[in-house]
**Student:** 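Have a look at this one.
Chain letters run A, B, ... following the sequence lines, proteins first, then strands; residues in each count from 1. Just so it is clear, the structure is predicted and the values come from calculations on it, not from any experiment.
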2 protein chains.
Amino acid sequence: MNDTAQQFTTRQTAVLDAALSLLVDGGEKALTTAAIAKEAGCSKESLYKWFGDRDALLAAIISRQASKVRIPQAPKLSFTEMALHEALVDFAHNLLQVICSEVSIALNRLAISQASKGDYTLGKTLLNRGRGHIGAQTTVLLRQAEAAGFLKFDSAEAAYQVLYGLVLQDIQLRVLLGDSLRPEEQNLKQLAEVAVNHFLKLYQTN
Amino acid sequence: MNDTAQQFTTRQTAVLDAALSLLVDGGEKALTTAAIAKEAGCSKESLYKWFGDRDALLAAIISRQASKVRIPQAPKLSFTEMALHEALVDFAHNLLQVICSEVSIALNRLAISQASKGDYTLGKTLLNRGRGHIGAQTTVLLRQAEAAGFLKFDSAEAAYQVLYGLVLQDIQLRVLLGDSLRPEEQNLKQLAEVAVNHFLKLYQTN
DNA sequence: CAGGAACCGTACCGTACGGTACTGATTATT
DNA sequence: AATAATCAGTACCGTACGGTACGGTTCCTG
């Protein structure tokens, strides 16, 4: 698994953007090498010269996009309980927004589709760069909150998992399967609030 | 969306079983009409006569399998708090087992793959017959527990969603992407216990 | 026994797509 | 200016697969 960030030329990033655009609003079916070349305004031959083969191009798309996940804002060195609450809600809200975005849906579908064909590299990349990254950062935040005496848990990682579950519930799976959010779920900010309140009820000290 | 349970002849169910078997241990790539016919010991022509086309056959696979979800054991008319706990753990454990099963993984991947191609019928079927079914049953259980004074919540459906999130966390997405469960997650029974305890801490009255 | 339905096996067709080869134009280099 | 390199555009090839056609066999029915 190659997790080192590669550098692409501007020409190549243009190709990746074009491909992502096609994927997002045409589905996997629209992501043919010919279509990508046309959209990017280059020849198929150049595609193959720059990326090797189709799978490598797909990997480049995911690798590039997954590393764009926004890192939860740097936890302040000294923070209050309210600041913790706010930081968690911000994290949850951001997570919901990402998960429900067209781009995230398209990329996850693509990776799962590849997994269904026996190739797990895209999925691993997505997990490592996407979830792993954001998870690690948030775990740090939780540990700081514990050190400050606001939270109490055995394992920060386990607590993070609980938070993750409380926030996403089955929303991600549903959107991947093609379900649309119910009206009362449209308000992502409120969903985030509720999830964080639940989380704090489980782990807050006082 | 056709959600009425269709009846298949034994010959046809044999085909569906063969196809599911192929899908589970060969991935979507192995699910060609020729392979299905060979595995089922029939001709391609019969396949098309019986199911119409490939998509209809896929729909039949999912439709048939999704309706096999085990309904949470009938809630007893009068039950204790311990019985509620046990029923919830049983539900959670069962849910985890299903979600981590090869069959569930393969079917969800297939449905998501189709969604990536712009066809959401498989996904809808999976949601309606699988998650919808089991969810509705469990919501009934929660309502009974509320009536008995054990639980307190505004919306049983929302409470069910929280339970769902606490149980699954990100496990389903991870297995769909090809991740394997971490060692400490292998013990599904214990995961279920922890999730239910969290749930009760959030919603128990006393 | 005769007629027909069901169905297997196989051959076949059309198409879509990944990947490659060639050509001509444009740009960079000396 | 001459040569080399890059690349768009297009044509082409091989293969895989969905779907169909057909001949032959089995089995049921009158």
**Student:** Rounded off to whole Å, could you give me the NZ-to-P distance for the A:Lys38 and C:dG18 pair?
**Tutor:**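 Taking atom P of C:dG18 as the reference, NZ of A:Lys38 is at 15 Å.
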**Student:** In whole Å, what is the span from the CD1 atom of A:Ile36 to the P atom of C:dC17?
**Tutor:**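 Atom CD1 in A:Ile36 sits about 12 Å away from atom P in C:dC17.
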**Student:** Write down the distance between CD (B:Gln12) and C1' (C:dC7), rounded to a whole number of angstrom.
**Tutor:**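 Those two atoms, CD and C1', are 13 Å apart.
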**Student:** With a 4.0 Å cutoff (strictly under), does any side-chain N or O of B:Ser46 reach OP1 or OP2 of C:dC8?
**Tutor:**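 Affirmative; the distance criterion is met.
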**Student:** Rounded to the nearest Å, what distance is computed from the OH atom of residue A:Tyr48 to the C1' atom of nucleotide D:dA8?
**Tutor:**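 Answer to the nearest Å: 16 Å.
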**Student:** What's the CG-C1' distance between A:Leu58 and C:dC17, to the nearest Å?
**Tutor:**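 So the CG-C1' distance, A:Leu58 to C:dC17, works out to 14 Å.
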**Student:** Using the rule given for side-chain contact (heavy atoms from CB on, under 4.5 Å), can you reason through A:Leu191 versus A:His93, listing the C-alpha separation, both sets of side-chain angles and the distance that settles it, and then say yes or no?
**Tutor:** CA-CA 8 Å; A:Leu191 285 186; A:His93 189 205; over 6 Å; no
**Student:** Can any side-chain N or O of A:Arg131 pair as donor or acceptor with the backbone N or O of A:Leu126 at less than 3.5 Å?
**Tutor:**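 No; judged by distance alone, with no hydrogens or angles, the pair does not exist.
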**Student:** Calculate the interatomic distance between B:Phe51 atom CZ and D:dG19 atom C1'; express it in whole Å.
**Tutor:**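 That distance rounds to 16 Å.
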**Student:** Between B:Thr139 (side chain only) and B:Gly135 (backbone N and O only), is there a donor and an acceptor less than 3.5 Å apart?
**Tutor:**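 Yes: the side chain of B:Thr139 pairs with the backbone of B:Gly135.
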**Student:** Below 30° counts as parallel, above 60° as perpendicular, anything between as tilted: where do the rings of A:Phe153 and A:Tyr203 land?
**Tutor:**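 Rings of A:Phe153 and A:Tyr203: perpendicular, as their planes differ by over 60°.
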**Student:** If I take atom CZ in residue B:Arg54 and atom P in nucleotide D:dA16, what distance separates them, rounded to the nearest angstrom?
**Tutor:**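 Spelled out: CZ on B:Arg54 to P on D:dA16 is 16 Å.
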**Student:** Using atom CD of B:Glu45 as one end and atom P of D:dG24 as the other, report the distance to the nearest whole Å.
**Tutor:**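 Going from B:Glu45 (CD) to D:dG24 (P), I get 15 Å.
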**Student:** Does D:dG19 have OP1 or OP2 sitting under 4.0 Å from an N or O in the side chain of B:Lys44?
**Tutor:**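 False: B:Lys44 side-chain N/O out of range (4.0 Å or more) of D:dG19 OP1/OP2.
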**Student:** Closer than 4.0 Å, any side-chain N/O of B:Trp50 to the OP1 or OP2 of C:dA6?
**Tutor:**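 Answer no for this pair, as no side-chain N or O of B:Trp50 is under 4.0 Å from OP1 or OP2.
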**Student:** Is the phosphate of C:dG18, meaning OP1 or OP2, less than 4.0 Å from a side-chain N or O of A:Thr33?
**Tutor:**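 Indeed, a polar side-chain atom of A:Thr33 lies that close.
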